[in-house]
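Keep in mind the model is a prediction, meaning the values are calculated, not measured. In what follows, every heavy atom counts, from backbone to side chain, and hydrogens, waters and symmetry copies are set aside.
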Amino acid sequence: MASGGLQLLGFVLAFLGWVGIIISTAMPQWKMASYAGDNIVTAQALYDGLWMSCAMQSTGQIQCKVYDSLLKLESSLQATRALMVSAILLGLVAIFVAVTGMKCMKCMEDDQVKKMRMAVFGGAIFIIAGMAALVATSWYGNRVAQAFYNPSTPVNSRYEFGSALFVGWAAASLAMLGGAFLCCSCPRQETSYPPTRGYPKNAPSTGKDYV
């Protein structure tokens with residue numbers, strides 16, 4: 001029962017992480033314009049995401065523009081896109097695989113060994129998906145930090161971390177933690193050896209022979 005609860009907890013955490021990865025990928029706030037230092041405070045906030053750039057006015061109105069051409073984008077942005085989309089697809093595959101191996105499901109009840117292996121395999125895919133999202137968000141955040149501290153970057157063109165990065169980091173952590181729980185939920189099978197049979201001891205001789 002304990003392993004079943006750990007398995008369910010791992011699946012819930014991994015599923016929430018996968019949903020968070022989708023939300024982070026769709027959010028436009030991957031980086032936001034910095035107004036620190038001597039910057040002039042403007043009446044709008046600028047955001048850049050993986051798919052579009054947005055400007056939010058002081059009135060609360062948001063205007064977004066989708067990137068025109070894929071070929072004009074930086075290679076790092078294209079790689080970040082690919083990693084996040086791969087993480088989403090891997091998470092989708094992991095959900096189907098892990099659900100098949102869940103103890104609460106009726107699938108593959110006749111072969112418990114394969115059922116447990118499916119749960120472990122689904123957890124491993126969740127871990128890979130979380131690692132892909134973690135690499136993508138960390139790489140993007142590193143480039144934002146490098147551009148921010150680069151002296152040659154104009155002050156009015158500096159950006160800071162957006163909320164999508166923090167959502168992505170949290171989601172990647174949940175996906176990897178849930179996948180680890182799924183991998184550890186299967187009980188180890190102890191090798192059972194046949195009981196050793198003792199040799200019959202010779203009865204002590206009484207000195208009398210029976211016919």
Any link between Phe96 and Val19 through a network of hydrophobic side chains (Ile, Leu, Val, Met, Phe, Trp, Tyr) touching at under 4.5 Å? yes

Do any side-chain atoms of residues 163-173 form donor-acceptor pairs under 3.5 angstrom with protein atoms, and if so which ones, sequence neighbours left out?
from: Trp169; atom 1: NE1; to: Thr137; atom 2: OG1; distance (Å): 3.1
from: Trp169; atom 1: NE1; to: Ser138; atom 2: OG; distance (Å): 3.4
from: Ser173; atom 1: OG; to: Trp169; atom 2: O; distance (Å): 2.9

Determine, step by step, whether Val120 and Met116 satisfy the side-chain contact (heavy atoms from CB on, under 4.5 Å) criterion, reporting the C-alpha distance in whole Å, the side-chain angles of both residues, the deciding distance to 0.1 Å, and the verdict. CA-CA 6 Å; Val120 174; Met116 289 189 299; 5.6 Å; no

I'd like to check the side-chain contact (heavy atoms from CB on, under 4.5 Å) partners of Ile22; sequence neighbours left out, ordered by chain and number. Trp18, Ile88

Work out which heavy atom in Ala82 is nearest to a heavy atom in Ser86; give both atom names and the distance. O-OG, 2.7 Å

If two hydrophobic side chains count as joined below 4.5 Å and joins carry through other members, does Val85 share a cluster with Trp139? no

pair Leu16-Val12: side-chain heavy atoms closer than 4.5 Å: yes

Return the minimal non-hydrogen interatomic distance between Ala129 and Gly91, and the atom names on each side. CB-N, 3.9 Å

Just wondering, are more than 12 heavy atoms of other shown residues or ligands nearer than 6.0 Å to OH in Tyr159? yes

With Val135 via side-chain contact (heavy atoms from CB on, under 4.5 Å) - residues at least two apart: Leu83

Answer yes if Val144 and Met52 sit in the same cluster of Ile, Leu, Val, Met, Phe, Trp and Tyr residues linked by side chain heavy atoms under 4.5 Å apart, and no otherwise. no

Do you know which two heavy atoms are closest between Leu174 and Gly17, and how far apart they sit? CB-CA, 3.8 Å

Any pair with a residue in residues 137-179 that passes disulfide bond (SG atoms under 2.5 Å apart), sequence neighbours left out, goes on the list, sorted by first then second residue, please. none

What pairs meet the disulfide bond (SG atoms under 2.5 Å apart) rule with one or both residues in residues 52-82, with sequence neighbours excluded? Cys54-Cys64

Quick note, salt bridge (Lys or Arg N to Asp or Glu O under 4.0 Å) partners involving residues 47-65, not counting sequence neighbours, are Lys65-Asp68

Only counting residues at least two apart or in another chain, list the ones meeting ring pair (Phe, Tyr, Trp, His ring centres under 6.0 Å) with Phe121. none

Calculate, to the nearest 0.5 Å, the distance between atoms SG and CD belonging to Cys183 and Gln7 respectively. 10.5 Å

With rounding to the nearest 0.5 angstrom, report the CZ to CZ distance, Phe161 to Phe148. 10.0 Å

Do you know the tightest heavy-atom contact between Ser76 and Arg143? OG-NE, 3.1 Å

Could you pull out all residues at least two apart from Arg81 that satisfy side-chain contact (heavy atoms from CB on, under 4.5 Å)? Leu50, Trp51, Tyr67, Leu70, Leu73

Partners passing ring pair (Phe, Tyr, Trp, His ring centres under 6.0 Å) against Tyr47 (at least two apart in sequence or in another chain): none

Which distance, rounded to the nearest 0.5 Å, do you find between the CD1 of Ile95 and the CG of Leu90? 11.5 Å

With rounding to the nearest 0.5 Å, note down the distance linking CD1 in Ile21 to CG in Leu89. 11.0 Å

Within the side chain of Ser24, is there an N or O that forms a donor-acceptor pair under 3.5 Å with the backbone of Gly20? no

Which residues satisfy the ring pair (Phe, Tyr, Trp, His ring centres under 6.0 Å) test with Tyr140, sequence neighbours excluded? Trp30

Going by heavy atoms in the side chains, are Met32 and Leu46 under 4.5 Å from each other? no

Here the pair of heavy atoms bringing Val97 nearest to Met118 is CG1-O, 3.3 Å

Please report the closest heavy-atom contact between Phe181 and Gly10, naming both atoms and the distance. CB-CA, 3.6 Å

Within residues 6-30 or reaching into it, pairs that qualify as salt bridge (Lys or Arg N to Asp or Glu O under 4.0 Å) - sequence neighbours excluded: none

